[in-house]
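Worksheet: one structure, shown below.
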Amino acid sequence: MDNPSLALLSHQTGLQRRVDIVANNIANAGTTGFRREGLVFASRVERLDVPGRRFAMTEDRMSFTDPTAGGLTVTGNPLDMALDGDGLFAVQAGTGVAYTRDGRFMPDAEGRLVTATGHPVLDEGGAPIVLPPGAEALAVSADGTLSADGEAVAVIGRYRVDAGARRGADGLITTAGAAGPAPDTRVLGGHIENANVNPVRELTDLIEAQRAYERGQSMIEGEDERLRRAAERLAREP
Amino acid sequence: MKAMQIAATGMQAQQTRVNVIANNIANSDTTAYHARRAEFADLMYQQERRAGTVSSDTGTVLPTGVQVGLGVRGAAIAMDTSQGSLRQTTGDLDVAIEGRGYLEIALPDGTAAYTRDGALKRSPDGVIVTAEGYPVQPEITIPEDALQVSINGAGEVWAYFAGEAQATQLGRFGLATFINEKGLEARGGNLFVPTTASGDAEMGDAGTDGRGTLRQGYLEESSVDVVAEITSLIEAQRSYEMNSKVISAVDEMLAATNRVR
């Protein structure tokens with residue numbers, strides 16, 4: 001394939017990935033604590049060994065997580081928690097500590113505080129939180145202190161992860177690097193954080209990507225036509 | 001393209017949500033019914049390009065890489081365990097539970113089930129049973145000649161007899177609590193059975209250790225907020241439509257691909 005076709009092909013592949021990400025954002029518009037993903041495109045031009053020849057393509061360089069906070073829904077259940085700030089809850093996943101903003105917690109059969117997917121929630125020291133049996137009035141204060149019947153039980157851990165964090169299975173965030181405490185992130189009991197997906201924006205992105213894709217296809221067709229005509233003309237010349 | 005499958009998971013999720021809402025609305029008049037809420041979590045992410053790889057041209061390290069989520073899945077259908085409002089009835093065997101706790105009943109196969117539906121009745125032989133005929137535990141029999149039955153907040157059942165000034169205690173209902181009542185398995189007929197997630201039932205007297213009290217002459221209404229349900233129904237419907245728009249957009253993109261010679 002020639003250079004224009006290659007550049008267009010990379011453009012089309014990137015757009016497909018963009019649509020995949022938009023589809024995931026829309027599918028998760030109702031997922032508690034979900035943050036939309038975006039895609040960064042970059043052009044890539046390289047000089048080739050042949051003088052005067054260059055190689056050009058577009059590249060979807062990285063996806064990013066939109067850090068804007070989602071809206072809050074009041075549930076009234078004190079064990080539903082939302083975070084105000086850029087911190088994350090820490091949970092014990094099978095492979096180690098993972099992080100999430102999904103604060104729908106509940107006690108499990110052993111009285112541990114767990115997420116909706118069953119992962120134990122960790123306190124500031126990184127230990128699972130166990131609720132006292134028979135506790136009636138549970139409440140969480142803005143500094144993360146969880147109390148039962150007026151007595152402090154644990155402090156919900158809030159952590160900040162570095163930029164290398166990625167989302168793995170179960171939508172939990174894991175990091176190979178360091179995670180530090182984020183004590184300035186406030187905990188809001190009785191609230192859950194909605195996904196920060198804006199449906200209008202996602203649909204606009206979708207239509208934009210779709211049209212750009214169609215434009216790319218017609219350019220590929222045009223390029224094909226140009227080559228065909230060139231070949232015919234060259235064959236006709238004596 | 002993955003987008004079609006991703007949008008399909010989105011549509012399935014919204015279908016589940018509509019099913020849950022439909023069941024809530026259908027049960028908006030069921031005694032002691034607690035509204036359910038479908039909860040979702042994102043599916044796993046595919047790492048198209050690993051974070052931390054070195055990009056070849058300038059040697060910079062990619063800070064995040066490219067990760068594409070693969071859609072959404074149902075995480076749980078959680079039960080809202082908040083107290084429903086109490087409705088006054090005229091039945092002397094109608095008891096509402098104010099606070100935490102479940103009445104224990106015996107199923108015909110000998111196992112125990114739990115309910116908050118206190119619309120109790122008398123069986124032909126005088127045993128206090130639920131509306132479906134299952135005896136409440138511990139079994140209490142009301143003698144045929146009892147003039148009036150009174151159930152106090154602590155669960156004690158008293159009866160008055162003709163010619164007797166003092167009431168006679170017939171028995172006492174206990175209340176069962178669970179460490180995680182959201183983990184109970186609903187059996188239909190307002191019945192729940194314990195699971196490994198809920199923990200075993202802890203029986204005790206009403207009004208002790210955080211258990212609620214009984215109130216005779218009242219029933220607990222369902223905690224379904226119909227306005228909220230209709231709002232989330234519309235939300236689910238729109239969300240379903242958005243996911244279907246993704247499918248048609250992808251379809252058109254694939255059609256454009258197929259047109260290329």
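The sequence lines fix the lettering, A, B, ..., with proteins before strands; numbering per chain opens at 1.
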Between [X] and chain B, which part of the residue has a heavy atom less than 4.5 Å away: side chain, backbone, both or neither?
| X | value |
| --- | --- |
| E110(A) | backbone |
| L131(A) | neither |
| I220(A) | side chain |
| T32(A) | backbone |

With a sphere of 6.0 Å drawn around [atom1] of [X], does it hold more than 12 non-hydrogen atoms of other residues, nucleotides or ligands?
| X | atom1 | answer |
| --- | --- | --- |
| D251(B) | CG | yes |
| D200(B) | CG | no |
| M219(A) | CE | no |

Give, for atom [atom1] of [X] and atom [atom2] of [Y], the distance between the pair rounded to the nearest 0.5 Å.
| X | Y | atom1 | atom2 | answer |
| --- | --- | --- | --- | --- |
| D20(A) | L70(B) | CG | CG | 8.5 Å |
| I21(A) | I6(B) | CD1 | CD1 | 8.5 Å |
| M253(B) | Q16(A) | CE | CD | 6.0 Å |
| F40(B) | D102(A) | CZ | CG | 12.5 Å |
| E39(B) | T31(A) | CD | OG1 | 10.5 Å |
| Q67(B) | F64(A) | CD | CZ | 12.0 Å |

Counting heavy-atom pairs under 4.5 Å to chain B, which of [options] comes out on top?
| options | result |
| --- | --- |
| E214(A), R104(A), Q12(A) | R104(A) |
| P199(A), A195(A), A209(A), A116(A) | P199(A) |
| E37(A), M106(A), E202(A), R211(A) | E37(A) |

Chain A heavy atoms under 4.5 Å from [X]: which part of the residue, side chain, backbone, both or neither?
| X | answer |
| --- | --- |
| T196(B) | backbone |
| T9(B) | side chain |
| K182(B) | side chain |

- Which heavy atom of A27(A) sits nearest a heavy atom of G10(B), and at what distance? CB-CA, 3.8 Å
- Message: Under the rule for side chain to side chain contact (heavy atoms under 4.5 Å, CB included), what residues qualify as partners of E221(B), not counting sequence neighbours?
- Response: S85(B), R87(B)
- Message: Counting heavy-atom pairs under 4.5 Å with chain A, which one of A197(B), A76(B), G199(B) comes out on top?
- Response: A197(B)
- Selection from A8(B), G71(B), A75(B), A7(B) maximising heavy-atom pairs under 4.5 Å formed with chain A: G71(B)
- Message: Just to be sure I understand the criterion: a residue of residues 235-249 of chain B counts if one of its heavy atoms is under 4.5 Å from a heavy atom of chain A. Which ones qualify?
- Response: M242(B), N243(B), K245(B), V246(B), A249(B)
- Message: Test your reading of the model: is there a side-chain donor-acceptor pair from N180(B) to the backbone of A109(A), 3.5 Å cut-off?
- Response: no
- The salt bridge (charged side-chain N to carboxylate O under 4.0 Å, His left out) partners of D149(A) (sequence neighbours excluded) come to none
Would you be so kind as to tabulate the donor-acceptor pairs closer than 3.5 Å made by side chains of residues 71-82 of chain A, with sequence neighbours excluded?
{"unit_1": "T73(A)", "atom_1": "OG1", "unit_2": "N194(A)", "atom_2": "OD1", "d": "2.6"}
{"unit_1": "T73(A)", "atom_1": "OG1", "unit_2": "N194(A)", "atom_2": "ND2", "d": "3.3"}
{"unit_1": "T75(A)", "atom_1": "OG1", "unit_2": "N77(A)", "atom_2": "N", "d": "3.3"}
{"unit_1": "T75(A)", "atom_1": "OG1", "unit_2": "D80(A)", "atom_2": "OD2", "d": "2.8"}
{"unit_1": "T75(A)", "atom_1": "OG1", "unit_2": "G190(A)", "atom_2": "O", "d": "3.4"}
{"unit_1": "N77(A)", "atom_1": "OD1", "unit_2": "L79(A)", "atom_2": "N", "d": "3.0"}

- Task: Indicate yes or no: at least one non-hydrogen side-chain atom of T117(A) is less than 4.5 angstrom from one of R73(B).
- Result: yes
- Determine whether F34(A) and V72(B) make a side-chain contact, defined as any pair of heavy atoms from C-beta on separated by less than 4.5 Å. no
